Every structure is written in structure tokens, then in C-alpha cells.
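Below: the structure, in C-alpha cells.
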Amino acid sequence: MKSVNCCTSPTLRVPLKVLWRRALPTGSSIGLAALILQSALPVQAAWRAPVRARHGMVASTNRIASQVGVDILKRGGNAVDAAVAVAFALAVTYPAAGNLGGGGFMMIRRADGQAVAIDYREIAPAKASRTMYIGADGKLIEGEGSSTVGYRAAGVPGTVAGMDLALRKYGSGKLKWADVIEPARKLARNGFTVSHGLQRSLRNNRDLLGRYSESRRIFLRNGKLWKEGEILRQSELAATLARLQKNGPREFYQGQTARLIADDMKAHNGLMSLDDLKNYRAKERVPVRGTYRGHTVLSMPPPSSGGVALIEMLNILEGYDMKVLHPFSAARYHRMLEAMRRAFADRAEWMADPDFVKVPTSGLIQKSYAARWREGISLEQAARSADIKAGTPVGAEAMQTTHFSLVDAAGNAVSNTYTLNGGFGSGVTARGTGVLFNNEMDDFTSQPGTPNRYGLIQSERNAVAPRKRPLSAMTPTFVLRSDGKLWFAVGSPGGPTIINTLLQIITNVVDYDMDLQAAIDAPRVHHQWLPDEIAHEPLGLSKETQSTLIAMGHTFAKTARVIGDAHGVMIDPATGMRLGAADARNEGAAVGY
Ligand code: DON
């Protein structure tokens with residue numbers, strides 16, 4: 001366990017004052033340089049401890065789903081069995097992002113050290129084309145027919161195929177497909193208690209859900225909005241889950257469910273056909289691997305940009321002595337922001353589906369490439385994003401996604417992020433299935449130079465093409481200890497902010513000795529190259545830190561917003577205890593046994 005210091009936050013081994021003193025240049029007058037280092041009023045004085053358990057731990061955004069995972073572990077299931085059950089449960093209890101009609105990435109690390117990335121990202125339907133979201137006036141289509149709303153916004157879902165692949169190859173074999181679906185089916189049939197968060201998110205999304213009759217009926221009760229404490233039952237979804245149990249994953253891609261989906265798509269001018277569903281395949285990929293101060297980082301490779309950009313930023317930061325900087329100081333933020341700006345410029349230029357374009361992954365994650373970026377970083381002055389162009393590597397809020405992390409008694413671990421993209425995706429529930437559809441097509445470059453819903457500018461490489469996967473930022477990750485053993489699993493939703501959330505959590509742990517809960521709860525910032533501004537959280541940065549960064553040339557977004565909803569599990573190396581850490585920003589819960 002980390003040592004507890006008497007006079008400061010229990011999670012920081014070094015008293016804040018000492019960090020400050022170390023950070024001050026000796027004998028300096030208070031010029032900008034000194035101010036940059038000093039301006040670090042701690043914004044969080046109290047910290048929560050992680051949840052502790054001896055055997056297994058599940059951390060997700062929803063307590064019911066976390067409990068489903070723990071129940072599977074207690075029945076002898078391994079981390080993958082439990083992860084699949086959690087994913088199905090979230091599809092019922094967290095409909096904004098938990099899904100059957102979306103896709104995602106599951107990182108698995110077995111206790112024997114074997115690591116694999118399961119890519120169950122959605123793909124574009126065969127009839128999709130690069131200009132499909134551009135209207136006759138040359139502008140991006142809005143509303144129905146756009147990449148964000150309605151039937152044409154949906155990519156072919158990968159979740160059911162991904163869960164099947166994970167369970168078949170990496171499950172314990174003790175629990176069958178039908179067993180891991182059963183808790184979800186029961187929750188859909190018998191209902192569960194609507195939480196404050198669910199009430200709020202349904203209300204916030206009533207315009208989107210109200211456009212489509214099935215979504216309106218199920219999620220808005222035809223206008224009589226669901227209230228906290230009521231029981232939400234989803235009978236069509238329960239029936240779909242029962243058919244999946246009986247007929248296996250083929251049911252979703254070739255069975256009655258597939259026919260219901262294809263019919264509904266056809267009736268509403270959608271592009272997704274029965275053939276598209278039949279041809280969907282989840283894929284195994286090799287995790288992208290980097291190191292940060294001796295710790296191995298295993299993360300999601302393309303078609304996620306997350307792992308590559310995360311490692312690129314960690315490589316840039318490794319060249320600085322970060323430990324001497326206060327964790328909430330302008331000096332630390334400045335170095336991180338400059339790293340973010342550059343990695344996101346590379347993301348925009350280079351990254352896309354590796355099955356369609358060549359992505360220079362190995363060049364982007366080289367330490368020497370990061371060193372070249374570092375040469376151009378001033379420690380006193382912010383760069384302008386307009387002056388930053390992608391490098392040449394060798395080889396070269398109505399939003400929701402959700403992440404959960406698990407570790408079982410044997411030390412197998414899962415780090416899974418999946419999504420419908422926007423909260424409740426495209427808003428469409430396919431008639432007769434209870435399945436909400438994603439709007440993942442918006443992660444493609446609909447029109448080069450025009451930002452997508454996350455304000456991201458992306459390149460031609462990520463243009464829409466039949467059966468292509470849109471570029472993602474989802475970054476399910478493992479960090480290993482220097483002896484090669486698993487240290488923690490973590491990930492987050494948040495579109496492009498995901499990558500920077502991971503950067504901050506990992507460096508909070510490695511550079512500042514925070515435990516995982518403190519590292520997750522600490523305030524976050526985000527910079528994505530363009531727009532050239534810092535996204536920041538309410539009460540996140542002190543006024544002094546902000547003023548110092550502004551004096552250095554940084555620009556802050558006008559309004560603050562909450563960034564991410566990260567959930568992780570750490571193994572305490574001294575005792576082997578599982579330490580669960582759910583983000584305070586939502587309704588998450590870590591449950592162990
Ligand atoms: O794959 C991606 O990068 C996005 N579709 C993720 C969306 C997301 O995280 C929304 N969450 N809050």
C-alpha cells in the first residue's frame with residue numbers, strides 16, 4: 001500500500017508544500033517562470049479511498065451492472081465471463097451507452113501475461129460512401145440523414161460479435177453464453193429502479209428520443225417521463241436477449257433480430273442490410289505497447305487512436321522531470337497541454353482504420369519521435385495550434401460511452417470501453433427489438449476540414465468507405481508494474497477527451513503516487529489541437545493556475561464542463577488486494593468480494 005502521510009492528503013506520499021518548495025528555482029525573484037511553478041493551489045482537499053476486496057473487483061458506471069459482474073465471479077466465472085455479463089447488463093441499465101446496437105473495444109490480459117485487444121467497433125454499411133453526409137448545397141446534412149441522428153447515422157453493430165469472441169476464446173468455459181446473458185434478461189424483463197442519473201439523461205435527451213416512435217414509447221413512456229425510483233421494464237429487449245440466449249450470437253446477425261433490424265432500416269431509408277449484419281466480424285488485434293518510467297502501458301491499437309496517442313504523449317512527458325512539479329501547477333498542465341496538442345495533430349493526420357489505410361503506429365510511439373516533438377516545446381510559452389502540423393513519423397455532452405474494468409481472483413483482467421457514440425446514439429430503437437442504434441458514422445470524416453460533433457478535424461484517411469471502421473478515441477488500457485505484473489486496468493468515455501483522461505490518470509499515479517481513486521477523481525483538462533483551447537472542469541483549476549497559463553499564451557474554453565467517467569481496478573502489489581475506483585463524476589460503483 002502507499003504510505004499515508006500525516007500532514008497532507010492521504011494519497012500523496014510527498015506533502016504538497018515539499019513539492020512546492022522543490023519546484024521553486026533557488027533564489028529566484030518571482031518572475032513568470034517562478035509563478036508557473038508556484039501557481040498550484042490544491043483544489044481538492046479530501047480524497048476517497050478505493051473500494052477494497054480480496055478476490056475480485058468490478059468498477060463500472062452503474063452499481064447494478066458492477067454487482068452482476070461480481071455475482072458471475074463468485075460463481076467461478078473469470079474476468080472475461082464477468083465482463084461479458086456486465087456489458088449485457090449495462091445494455092439494460094445504462095441505455096445511453098451500454099448497448100447491443102453499438103460497438104467498442106475489450107482489452108484482455110490473462111494472468112499468464114497474454115494480452116489481446118478485441119475490436120468490435122461498428123463498420124460502415126456496404127452502401128455507405130465518402131460523400132453520403134454532404135447535401136446538394138455542398139454542406140453537411142443536418143438532422144435525419146446526417147451522421148449524427150436517425151437511421152443513416154448507424155454503423156453495423158459489433159457488440160454481440162465482440163462478446164461472443166471474447167467469451168469463446170477467453171472465457172473460463174464454466175459459464176455458457178446463455179448464463180452470462182441471463183442477469184441482463186432478468187433486468188430487462190423484471191425491470192430495475194430508475195436512478196437520478198438515468199432520469200436526468202432521459203430528460204436531457206427527450207428531443208432526440210422523441211423523434212422515433214419506439215424510443216419515445218420505451219424510454220420516454222410517450223411523454224410521461226420516467227422518474228427516479230420507478231421501475232423501468234424493457235420487454236422487447238428482454239425478448240431479444242432471450243432469443244440470443246437460445247439461438248446464440250447468430251440471432252443478432254442472421255436470425256429474427258437481424259430481420260427485424262434490416263426491415264426497420266429499409267422502412268426508414270437506412271443503409272444497413274441483412275447482408276451487412278451477416279458479414280460483420282469482430283477482430284482480435286495486438287495491443288499497442290509503450291513504457292512510461294519503466295512501467296509498461298498496454299492499450300488499444302487502431303482503429304482506436306487512443307493507445308497510440310496516449311503512448312506518444314507519455315513519451316513526450318517522460319523527457320521532463322514531472323515529479324518536481326506540483327500536480328495542479330501551471331508547469332505540469334503546460335507540459336501536458338503541449339503534448340496533447342501535438343499528439344492530436346498526429347491523430348488528425350495519420351490515424352484511421354488500419355485495414356484500409358497504413359497507420360504509422362510504430363513511428364508514432366517511438367521515444368525518438370517524442371524527443372523531436374520535445375525540441376520544439378517552449379517551457380514558458382504556449383504554442384499556437386495553427387503553427388503545429390502533424391509530424392512525419394517513421395513509416396509514415398449529450399454524449400455517452402461507458403467503460404468498465406475488472407480483475408478476477410486469478411489475476412485475469414478486462415478493460416472494456418463500448419458505446420453508441422452520442423448519448424442514446426442515433427436515437428433509433430429498431431422496431432420489435434428494444435435495441436437502440438449507434439450514431440458511430442459521425443466518427444468518420446464526413447467532410448475534411450469540417451469538425452465532427454466533438455469538434456475534431458480529421459483527414460481523408462478516415463473518410464467513409466463501405467465496411468470500414470470509423471476512427472475511435474476509446475482507450476481501454478492496462479498499466480503494468482516494472483516487474484511486468486498487472487498494476488491497474490482503466491479507461492473512460494468522453495470522445496477525444498478519453499485519451500487525455502487516461503494520460504492524466506496514469507501520470508497522477510506514476511508521477512505523483514496518487515492511488516487510483518485519487519488519480520481518477522482529480523480534476524482534468526483537455527486539449528485536442530483544434531480548436532486551440534483548453535477544456536476544463538468546474539472548480540478544476542485554481543484561478544492562479546488559470547491566470548498563469550493564460551499569461552503563457554494558453555486559451556481556456558469559455559465554459560467549464562465535466563470530463564470523463566473513468567473506472568479502474570488496481571492490484572495492490574504488497575497484499576494482492578483488489579482496489580476498485582469508480583469515478584465520482586457519475587453514478588459509478590466499484591464492487592468487490
Ligand atoms: O469512438 C469514439 O471515439 C467515440 N465514438 C466515443 C464517444 C464517447 O466517448 C462519448 N462519451 N462520452
Side-chain angles (χ1 to χ4, degrees), residues 60-62 90 94-99 101-107 117 119-124 147-149 153-159 162 197 201 204-205 208 299-310 343-344 347-348 351-353 397-404 415-426 436-446 451-458 462 464 468-477 490-502 524 526 528 535 537 561-567 583 585-588:
S60 85
T61 197
N62 179 266
L90 285 168
Y94 192 67
N99 68 81
F105 302 128
M106 183 184 285
M107 294 277 303
D119 167 1
Y120 58 98
R121 181 75 164 161
E122 302 90 328
I123 60 169
S147 60
T148 56
V149 180
V156 183
T159 296
S201 86
N204 289 346
N205 287 283
L208 175 70
S299 193
M300 192 65 209
S304 176
S305 58
V308 173
L310 173 65
F344 272 81
R347 176 193 193 277
M351 296 187 214
D353 184 347
E397 219 97 4
M399 53 171 201
Q400 280 307 331
T401 292
T402 194
H403 179 86
F404 53 86
S415 187
N416 185 94
T417 316
Y418 76 153
T419 188
L420 294 167
N421 190 26
F424 304 95
S426 62
L436 263 168
F437 267 77
N438 67 84
N439 58 349
E440 219 72 63
M441 294 295 281
D442 191 53
D443 279 350
F444 281 118
T445 311
S446 300
N452 73 355
R453 61 178 289 142
Y454 301 111
L456 287 170
I457 306 280
Q458 312 189 83
N462 185 34
V464 185
K468 189 175 173 184
R469 285 163 155 87
L471 180 62
S472 173
M474 291 186 289
T475 316
T477 296
V490 69
S492 176
T497 69
I498 293 171
I499 310 172
N500 293 330
T501 292
L502 268 286
R524 299 179 185 134
H526 168 71
Q528 60 180 47
E537 296 199 295
R561 62 180 163 117
V562 173
I563 297 173
D565 180 26
H567 304 285
D583 206 316
R585 290 165 179 80
N586 207 346
E587 294 187 329

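Whatever order the structure lists them in is the order used to number ligands and atoms, beginning at 1. Since this is a predicted model, take the numbers as computed values, not measurements.
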Side chain to side chain contact (heavy atoms under 4.5 Å, CB included) assessment of N452 paired with D443:
CA-CA 7 Å; N452 73 355; D443 279 350; 4.1 Å; yes
At a non-hydrogen distance cut-off of under 4.0 Å, which region of R121 contacts ligand 1 (side chain, backbone, both, or neither)?
side chain
Can an N or O of L471 be found at a distance shorter than 3.5 Å from an N or O of ligand 1?
no
Are R121 and D119 within salt-bridge range, i.e. N to O under 4.0 Å?
no
What I want to know is whether A473 and ligand 1 share at least one N or O pair that is separated by under 3.5 angstrom.
yes
Could you tell me if the side chain of I123 sits less than 4.5 Å from the side chain of R469, heavy atoms only?
yes
Run Y94 and Q400 through side chain to side chain donor-acceptor pair (under 3.5 Å) and show every step you take.
CA-CA 10 Å; Y94 192 67; Q400 280 307 331; 2.9 Å; yes
Does a side-chain heavy-atom distance below 4.5 Å link T417 with P476?
yes
Just jot down the ligand 1 atoms closer than 4.0 angstrom to any heavy atom of M474, in number order.
1 (O), 3 (O)
Ligand-residue contact atoms, ligand 1 with Y454, heavy atoms, under 4.0 Å:
7 (C), 8 (C), 10 (C)
Judging by distance only, is a nitrogen or oxygen of S472 under 3.5 angstrom from one on ligand 1?
yes
Element-labelled atoms of ligand 1 that are located less than 4.0 Å from some non-hydrogen atom of G494
8 (C), 9 (O), 11 (N), 12 (N)
Atom indices of ligand 1 within 4.0 angstrom of I498 heavy atoms, with elements
9 (O)
Min side-chain heavy-atom separation T501-H403 under 4.5 Å:
no
Polar proximity ligand 1 side, T419 side, N/O cut 3.5 Å exclusive
no
Do I499 and Q528 make a side-chain contact, defined as non-hydrogen atoms from C-beta onward lying under 4.5 Å apart?
no
Does ligand 1 have a heavy atom under 4.0 Å from the side chain of D443, from its backbone, from both, or from neither?
side chain
